[in-house]
**Q** 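Just passing along the structure, written as structure tokens.
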Amino acid sequence: MAAPKRRTLADRNNEAINREDKQAIKEAAPVAPVVQEEPAMSPTPEAKTEAPKRAKAAGRPVRTIDVTRVGIYLTPEQFINSKAAYLADWNNGGEANTFTNWIGEALTTHAKRNPKERQKNAIQRPARAEKRTGSSRSFNVPTEAVQKMRAAINEEHAIERWLSDSAWCGEALDAAIHAAQERNGGTLPTPPERLPNRLTR
């Protein structure tokens, strides 16, 4: 059996170089980056005001109070007179600078009356024509006014008056129209077909 070949110095150097090359390759291998999920951020104050800014940019008044949609059956005459009363009240120092705010004030004022007073106002109203000539209109009225209206409607039950929201609102608007006319010297202005979104002084 032949004796094993003795390794020369050159052989040992080559082996050492090969080991170093392999180690360098391992150390140079790319390492996948560790991705850390960022925690969810709470809305910033700027984000909270983004919607009102969009509304302002679109030319719409920024809503700052809670509102509830209410459907009210109105004849053409009631609708025109309501708009006229709103304008008259504004000219006479009223604070409602939108039509829906004026309606909210009318509901709130009517709710402050007691059931007997509201019944008396209803008796003084002209009788509704047998033929329906009006239509139901929807308004975004301040929620607080709607809550007071519904509480007042429940009070009516004690004197056996069972009114719908629409009928009660119609009585409230008639009372507000009459009051505005008296404050304006017995007349009302002629309202435009389309009211401005908001009145300013």
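In this chain, residues are counted from 1 in sequence order.
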**Q** Is there a continuous path of hydrophobic side-chain contacts, each under 4.5 Å between heavy atoms, that joins L163 to L107?
**A** yes
**Q** To the closest 0.5 Å, what do you measure between CG (D165) and CD1 (I72)?
**A** 9.0 Å
**Q** Below 4.5 Å, heavy atoms only, C-beta onward: do I177 and S82 meet side chain to side chain?
**A** yes
**Q** Quick one: does any side-chain atom of E171 pair with a main-chain N or O of A122 as donor and acceptor, under 3.5 Å?
**A** no
**Q** Between R118 (side chain only) and I153 (backbone N and O only), is there a donor and an acceptor less than 3.5 Å apart?
**A** no
**Q** Does A179 offer a backbone N or O that forms a donor-acceptor pair with the side chain of E182 under 3.5 Å?
**A** no
**Q** Considering all heavy atoms of both residues, which atom of M149 and which atom of A111 are nearest to each other, and what is their separation?
**A** N-CB, 4.4 Å
**Q** Is there a donor-acceptor pair closer than 3.5 Å between any side-chain N or O of Y73 and the backbone N or O of G134?
**A** yes
**Q** Hydrophobic clusters here meaning ILVMFWY residues chained together by side-chain heavy-atom distances under 4.5 Å, can you tell me if F79 and V141 are in one?
**A** yes
**Q** Would you say Q181 and T187 make side-chain contact, with heavy atoms under 4.5 Å?
**A** no
**Q** Got a second to check how far E117's CD is from K112's NZ, nearest 0.5 Å?
**A** 12.5 Å
**Q** Can you find a heavy atom in the side chain of L173 that is under 4.5 Å from one in the side chain of I103?
**A** yes
**Q** Which pair of non-hydrogen atoms, one from P142 and one from N101, has the smallest distance, and what is that distance?
**A** CG-OD1, 3.8 Å
**Q** Got a sec, which residues hit ring pair (Phe, Tyr, Trp, His ring centres under 6.0 Å) with W168, two or more places apart in sequence or on another chain?
**A** H110
**Q** Please confirm whether the backbone N or O of L195 pairs with a side-chain atom of Y86, one donor and one acceptor, at under 3.5 Å?
**A** no
**Q** Rounded to the nearest 0.5 Å, what separation is found between the CG atom of N91 and the CG atom of L188?
**A** 11.0 Å
**Q** Could you report the tightest heavy-atom contact between S138 and R69, atom names first, then the distance?
**A** CB-NH1, 3.3 Å
**Q** What pairs of residues pass the salt bridge (Lys or Arg N to Asp or Glu O under 4.0 Å) test when at least one of them lies in residues 76-99, not counting sequence neighbours?
**A** D89-R183
**Q** Check the pair N92, N184 against side chain to side chain contact (heavy atoms under 4.5 Å, CB included), reporting the backbone distance first and the verdict last.
**A** CA-CA 7 Å; N92 290 318; N184 202 51; 3.1 Å; yes
**Q** What residue pairs, at least two apart or across chains, pass salt bridge (Lys or Arg N to Asp or Glu O under 4.0 Å) with a residue in residues 137-149?
**A** E144-K148
**Q** Where is the tightest heavy-atom contact between C169 and V70, given as atom of each residue plus distance?
**A** SG-CG1, 4.0 Å
**Q** I'd like to know if the side chain of T143 reaches the main chain of V67, judged simply by a donor and an acceptor atom lying under 3.5 Å from each other, with no hydrogens or angles considered.
**A** yes
**Q** Could you check T98 against N197 for side chain to side chain contact (heavy atoms under 4.5 Å, CB included), going step by step and ending with a plain yes or no?
**A** CA-CA 6 Å; T98 68; N197 288 337; over 6 Å; no
**Q** Mind checking whether W102 and W90 have side chains closer than 4.5 Å, heavy atoms only?
**A** no
**Q** Between A84 and P189, which heavy-atom pair has the shortest distance, and what is it?
**A** CB-O, 3.2 Å
**Q** Nearest 0.5 Å, what's the CD-CG distance between Q78 and D174?
**A** 4.5 Å
